[in-house]
Amino acid sequence: MAFLSADDGHLNILNWFGTDTPYRHQGIVREMTGIIDNAAEFPGWVSSSLHSGLDAPGTANLIQMNTREAMEARYRREEMANETMPAFFALTTWFRSVKTEVVFTQTHPDLGGIVEVSPDRDDFTVLALFAADPENQAALVEHLAQPDEWLKSVPGFRSHSVLRGIDNTHVAMYAQWESKEAYDAFHTIPESERPKEVRDRRARATALVNSHDSLAYSVVHSRSRAAAGA
C-alpha cells in the first residue's frame, strides 16, 4: 500500500498508459505488475501502485521516490531505456508522465486525514490532469488546494489530493469515491446548487487551465518498501 501526504517529501510520478484493446490492456497490467514486484532493488524507491482503467483500456501508475535524484537515476538505467519502455510502447497507443509533489489532501472525517492507496480498498479513483501556463500554475494550485467543508458532506466522497507538477505546467488531482454512481451524482450537481464559494473557486481555476483530462481507475496492485521489509 501507499499513502499520499503533503508532509512526507516524496516525489510522486504519475505514468499513464493508454491502449486500444482488452488484450493489450491485460499485457500492460502484467508487465507493470512484474516491474512493481521487483521495484525494491531501486535505490530511493518508496512505493508503486498500479491502477487499471475503468473508462477505457489502459493503466496509471503512481510511483513514489524519496528524492528527485533517485527518480532521475531510475529512469537513466540502461534496462529502462532498452527493454522496459520499448515493451510498453509496443502495447500502448499513448503515454504520459508527470512528476509531482503532493501539496494538499482532504479526506472524509471517517478517514482521519489519511489517504491510503491500496487494492485492499474498493475506491472508485479519478485521476485528473490540468495543464496551465507556468505563470498560472501557482494560482491554479492555490484555487484547487483549498479546504472544502461542503465536499466532505457529499455522499460517497472519500478523499482528494492535489499534486503540483515540478515542470511548473501541470497540476494533478487524485480523488477517491465510494462508487462510480456517487462520483457521477457529484459530477452532475448543477452549478447553481453548489455553494457560492465553491462556484467562484471553480470558475477562477477554470480560467487558468489550458486543458483538462480525467479518467477513472481501480487500484489492482501496490507494493511499498516498508511493507516489503527492504
Side-chain angles (χ1 to χ4, degrees), residues 4 6 11-20 25 49-63 92-107 115 117 123-148 150-152 154 156-219:
L4 290 177
L11 184 71
N12 296 267
I13 308 160
L14 288 168
N15 289 333
W16 284 269
F17 294 91
T19 191
D20 53 359
H25 172 94
S49 301
L50 177 62
H51 301 63
S52 180
L54 299 175
D55 293 331
T59 63
N61 194 19
L62 171 66
I63 306 167
T92 62
T93 54
W94 60 268
F95 167 70
R96 178 177 291 168
S97 181
V98 181
K99 302 171 183 66
T100 70
E101 58 182 0
V102 179
V103 295
F104 176 81
T105 64
Q106 176 171 297
T107 71
V115 180
V117 179
D123 300 309
F124 180 80
T125 302
V126 179
L127 275 70
L129 184 65
F130 304 87
D133 294 332
E135 62 270 23
N136 292 330
Q137 189 204 43
L140 179 59
V141 168
E142 181 179 358
H143 292 317
L144 295 177
Q146 293 290 331
D148 189 337
W150 172 73
L151 183 58
K152 293 180 182 179
V154 175
F157 168 76
R158 290 181 172 173
S159 80
H160 81 268
S161 304
V162 179
L163 299 89
R164 184 189 73 85
I166 64 174
D167 63 358
N168 295 321
T169 62
H170 289 90
V171 180
M173 290 190 68
Y174 186 102
Q176 296 173 318
W177 287 81
E178 181 180 289
S179 65
K180 172 178 170 54
E181 291 73 21
Y183 174 75
D184 286 347
F186 161 74
H187 195 61
T188 55
I189 293 174
E191 202 69 11
S192 60
E193 296 181 14
R194 300 172 188 262
K196 183 179 185 305
E197 63 271 21
V198 173
R199 299 199 307 269
D200 291 346
R201 191 163 61 243
R202 283 163 57 91
R204 290 193 294 268
T206 299
L208 298 171
V209 172
N210 295 330
S211 65
H212 168 217
D213 297 299
S214 65
L215 289 170
Y217 298 89
S218 62
V219 182

Original post:
Which distance, rounded to the nearest 0.5 Å, do you find between the CD1 of I13 and the CD1 of I63?
Top reply: 5.0 Å

**OP:** Evaluate the side-chain proximity of D133 to T169: yes if any heavy-atom separation is below 4.5 Å, no if none is.
**Re:** no

**OP:** State, without any angle test, whether D123 and T125 hold a side-chain donor-acceptor pair at a distance under 3.5 Å.
**Re:** no

Subject >> Validation row: F130, L144 side chains within 4.5 angstrom (heavy atoms) >> reply: yes

Subject >> Electrostatic pair R164:E101 at N-O distance under 4.0 angstrom >> reply: yes

Subject >> Y217 side, atom OH; S49 side, atom OG - distance, nearest 0.5 Å >> reply: 14.0 Å

Original post:
Stepwise, does the side-chain contact (heavy atoms from CB on, under 4.5 Å) test hold for V117 with L4?
Top reply: CA-CA 8 Å; V117 179; L4 290 177; 4.3 Å; yes

**OP:** Hey, could you give me the NE2/OG1 distance between H160 and T107, rounded to the nearest 0.5 Å?
**Re:** 10.5 Å

**OP:** Indicate yes or no: at least one non-hydrogen side-chain atom of V162 is less than 4.5 angstrom from one of V102.
**Re:** no

Original post:
Can you check whether F124 reaches V126 side chain to side chain, under 4.5 Å on heavy atoms?
Top reply: yes

Original post:
Looking only at atom types and distance, does a side-chain atom of Q137 sit under 3.5 Å from a main-chain N or O of H170, one as donor and one as acceptor?
Top reply: yes

Subject >> Minimal non-hydrogen separation, D55 against A216, with atom names >> reply: OD2-N, 2.8 Å

Original post:
Is the Lys NZ or Arg CZ of R194 less than 6.0 Å from the centre of F186's six-membered ring, within 45° of the axis?
Top reply: yes

Original post:
Checking S179 side chain against A182 main chain: does a donor-acceptor pair fall under 3.5 Å?
Top reply: yes

Original post:
Under 3.5 Å, is there a donor-acceptor pair linking the side chains of S97 and N15?
Top reply: yes

Original post:
Would you say the side chain of S52 lies within less than 4.5 Å of the side chain of H25, judging by non-hydrogen atoms?
Top reply: yes

Original post:
What's the verdict on side-chain contact (heavy atoms from CB on, under 4.5 Å) for D148 and V198, showing C-alpha distance, side-chain angles and the deciding distance?
Top reply: CA-CA 8 Å; D148 189 337; V198 173; 3.8 Å; yes

**OP:** Mind checking the CG-CH2 spacing from N61 to W16? Nearest 0.5 Å is all I need.
**Re:** 11.0 Å

Subject >> Derivation of the ring pair (Phe, Tyr, Trp, His ring centres under 6.0 Å) call for W177 and F157 >> reply: CA-CA 5 Å; W177 287 81; F157 168 76; 5.6 Å; yes

Original post:
Taking C-beta and beyond as the side chain, do L14 and L127 meet within less than 4.5 Å on heavy atoms?
Top reply: yes

**OP:** Would you indicate whether the side-chain heavy atoms of L151 and Q106 approach each other to under 4.5 Å?
**Re:** yes

**OP:** State the CZ-CD distance between R158 and E178, to the nearest 0.5 angstrom.
**Re:** 5.5 Å

**OP:** Using a 4.5 Å cut-off on heavy atoms from C-beta on, say whether the side chain of D213 contacts that of R96.
**Re:** yes

Original post:
Is it true that a side-chain atom of T59 and a backbone atom of H51 form a donor plus acceptor pair closer than 3.5 Å?
Top reply: no

**OP:** Can you measure from OG1 (T19) to CH2 (W94) and round to the nearest 0.5 angstrom?
**Re:** 10.5 Å

